[in-house]
Amino acid sequence: MGLTPDYYFDELYSNDIDLERVKENIRLAGMPEISVAPGYGRLLTFLVATSKAQNVLEIGALGGYSGICLARGLSAEGKLLSLELREDYAEFAKENVIAAGMESHVDYLVGDASASLERLASEGKRFDFFFIDADKENYPHYLDACIRLSNKGAIIAADNTLLRGRTIDDNKQGPSVLAMREFNQRIAQDSRLMGVHLPAYDGLALARVKD
């Protein structure tokens, strides 16, 4: 059996010591091995850098893999705020971010993401770039919150839009699948957004908040 396109392109890049460390630490800790795919991690770095985002918001920290990718695209003054439900995951992610030399760029806010998003809105916070990779049933809600918290022209990225094929399987009608279908449709049709879907790995949605 030949290489998949995803694997072929991943093999072109040098081994990333910091990100490999994160994956190994996640495995050893018995945490879910669901970090963003390597190619999409590189894409996040690329998008943050090319958009010149100064304030980035991540919904779902897990082990810090995506946080490192996002932070790498920031300028010296740029900041990433990562929302994480579990304090132990946030501390674990922070340790990995420190090991990667990104600690000056990243802060964590622990607790229910919906409550944290409401708090940020009440404080008048605004962001240039968002990455959603958390509980799938809340993706439509997180999309609304990101739009509310966005500066003009902000970019929203969201992982796992295919849910390992369940999104496109008509026999699957669970709450996460239904929420993701709604989310995907809104990325394509919401008049406030310019959206695009990438079908590689487990799917990635990208949208730009219109001026």
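Heavy atoms only: backbone and side chains are in, while hydrogens, waters and symmetry mates are out.
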Query - Cluster overlap L204 with V177, hydrophobic side-chain contacts below 4.5 Å - result: no
Report task. Determine, using the 4.5 Å side-chain heavy-atom cutoff (strictly less than), whether L163 and L62 are members of one ILVMFWY cluster. Result -> no
Requested in this report: Output the distance between atom CE (M194) and atom CD1 (I187), rounded to the nearest 0.5 Å.
Outcome: 12.5 Å
Report summary line: Tightest non-hydrogen contact, residues D202 and G165, listed as OD1-N, 4.4 Å
Query raised in the report: Under 3.5 Å, is there a donor-acceptor pair between the side chain of E84 and the main chain of A61?
Result: yes
Query - K79/D128 salt bridge by N-O under 4.0 Å criterion - result: no
**Report entry** From S150 atom OG to L57 atom CG, the distance as rounded to the nearest 0.5 Å
**Finding:** 11.0 Å
**Report entry** Working for side-chain contact (heavy atoms from CB on, under 4.5 Å), residues I132 and C146
**Finding:** CA-CA 9 Å; I132 305 171; C146 290; 4.0 Å; yes
Query raised in the report: OH/Y7 to CG/L12 distance, rounded to the nearest 0.5 angstrom?
Result: 11.0 Å
Query - R21/D16 ion pair, N-O < 4.0 Å - result: no
Query raised in the report: Can you tell me how far CD of E91 sits from OH of Y108, rounded to the nearest 0.5 angstrom?
Result: 9.0 Å
**Report entry** Short side-chain to backbone donor-acceptor contact, Y65 and E20, under 3.5 Å
**Finding:** no
Query raised in the report: Atom OG in S104, atom CG in L80: separation rounded to 0.5 Å?
Result: 11.0 Å
Report summary line: Closest heavy-atom pair, M102 versus A71, reported as atoms and distance to 0.1 Å, is SD-CB, 3.8 Å
Report summary line: Closest non-hydrogen atoms of V36 and S66, given as atom of the first, atom of the second and distance, are CG1-CB, 4.0 Å
Query raised in the report: Around K125, counting heavy atoms of other residues, nucleotides and ligands shown, do more than 12 lie under 6.0 Å from its NZ?
Result: no
**Report entry** Test item: H105 side-chain N/O and R72 main-chain N/O as donor-acceptor pair under 3.5 Å
**Finding:** no
Query raised in the report: Would you say the side chain of D159 lies within less than 4.5 Å of the side chain of Y201, judging by non-hydrogen atoms?
Result: no
**Report entry** I26 vs I34 side-chain heavy atoms within contact, under 4.5 Å
**Finding:** no
Query - Residue pair V209 / R192, side-chain heavy-atom distance below 4.5 Å - result: no
Requested in this report: Decide side-chain contact (heavy atoms from CB on, under 4.5 Å) for T45 and I68; before the verdict, give the C-alpha distance in whole Å, the side-chain angles of both, and the deciding distance to 0.1 Å.
Outcome: CA-CA 9 Å; T45 303; I68 292 170; over 6 Å; no
Query raised in the report: A188 and H197: which non-hydrogen atoms are nearest, and at how many Å?
Result: N-NE2, 4.3 Å
Query raised in the report: Just wondering, more than 12 heavy atoms not from I17 lying within 6.0 Å of its CD1?
Result: no
**Report entry** D107 and K94 ion-paired at < 4.0 Å
**Finding:** no
Query - Contact check, side chains of R126 and N55, non-hydrogen atoms, under 4.5 Å - result: no
**Report entry** N184 versus Y139, side-chain donor and acceptor atoms under 3.5 Å
**Finding:** no
Requested in this report: Decide, yes or no, whether a salt bridge links R42 with D10 under the criterion of side-chain N to carboxylate O below 4.0 Å.
Outcome: yes
Report task. Indicate yes or no: at least one non-hydrogen side-chain atom of F127 is less than 4.5 angstrom from one of L81. Result -> yes
Query raised in the report: In terms of hydrophobic clustering (I, L, V, M, F, W, Y; side-chain heavy atoms under 4.5 Å; direct or indirect links), are L143 and F129 co-clustered?
Result: no
Query raised in the report: Do L74 and I156 share a hydrophobic cluster (ILVMFWY, side-chain heavy atoms under 4.5 Å, transitive)?
Result: no
Requested in this report: Compute whether any side-chain donor of one residue and acceptor of the other, for S114 and H141, lie under 3.5 angstrom apart.
Outcome: yes
Report task. Determine the minimum heavy-atom distance between G63 and V22, stating which atoms define it. Result -> O-CG1, 3.5 Å
Query - Trace of the side-chain contact (heavy atoms from CB on, under 4.5 Å) decision for N96 with N25 - result: CA-CA 8 Å; N96 286 321; N25 288 344; 2.8 Å; yes
Requested in this report: Flag yes if L47 and V196 sit in one hydrophobic cluster, no otherwise; membership is Ile, Leu, Val, Met, Phe, Trp, Tyr, and two members link when side-chain heavy atoms are under 4.5 Å apart.
Outcome: yes
Query - I168: hydrophobic cluster co-members (side-chain, 4.5 Å) - result: L162
Report summary line: Tightest non-hydrogen contact, residues A157 and L206, listed as CB-CD2, 3.6 Å
Report summary line: Taken to the nearest 0.5 Å, the spacing of K136 NZ from Y142 OH works out to 9.5 Å
**Report entry** Heavy-atom check, side chain of L198 versus side chain of L43, under 4.5 Å
**Finding:** yes
Report task. Identify which one of I155, L149, I59, V56 satisfies the side-chain contact (heavy atoms from CB on, under 4.5 Å) criterion when paired with F130. Result -> L149
Query raised in the report: So, R181 side chain and T167 main chain: donor-acceptor pair closer than 3.5 Å or not?
Result: yes
Query - Residue pair R186 / D144, side-chain heavy-atom distance below 4.5 Å - result: yes
Query raised in the report: Does NZ or CZ of R86 come closer than 6.0 Å to the centre of the six-membered ring of Y89, within 45° of the ring's axis?
Result: yes
Requested in this report: Could you check L117 against L83 for side-chain contact (heavy atoms from CB on, under 4.5 Å), going step by step and ending with a plain yes or no?
Outcome: CA-CA 9 Å; L117 291 165; L83 309 185; 3.8 Å; yes
Query raised in the report: Any donor-acceptor pair under 3.5 Å linking the side chain of D133 with the backbone of G60?
Result: no
Query raised in the report: Any side-chain heavy-atom pair from L109 and S82 closer than 4.5 angstrom?
Result: no
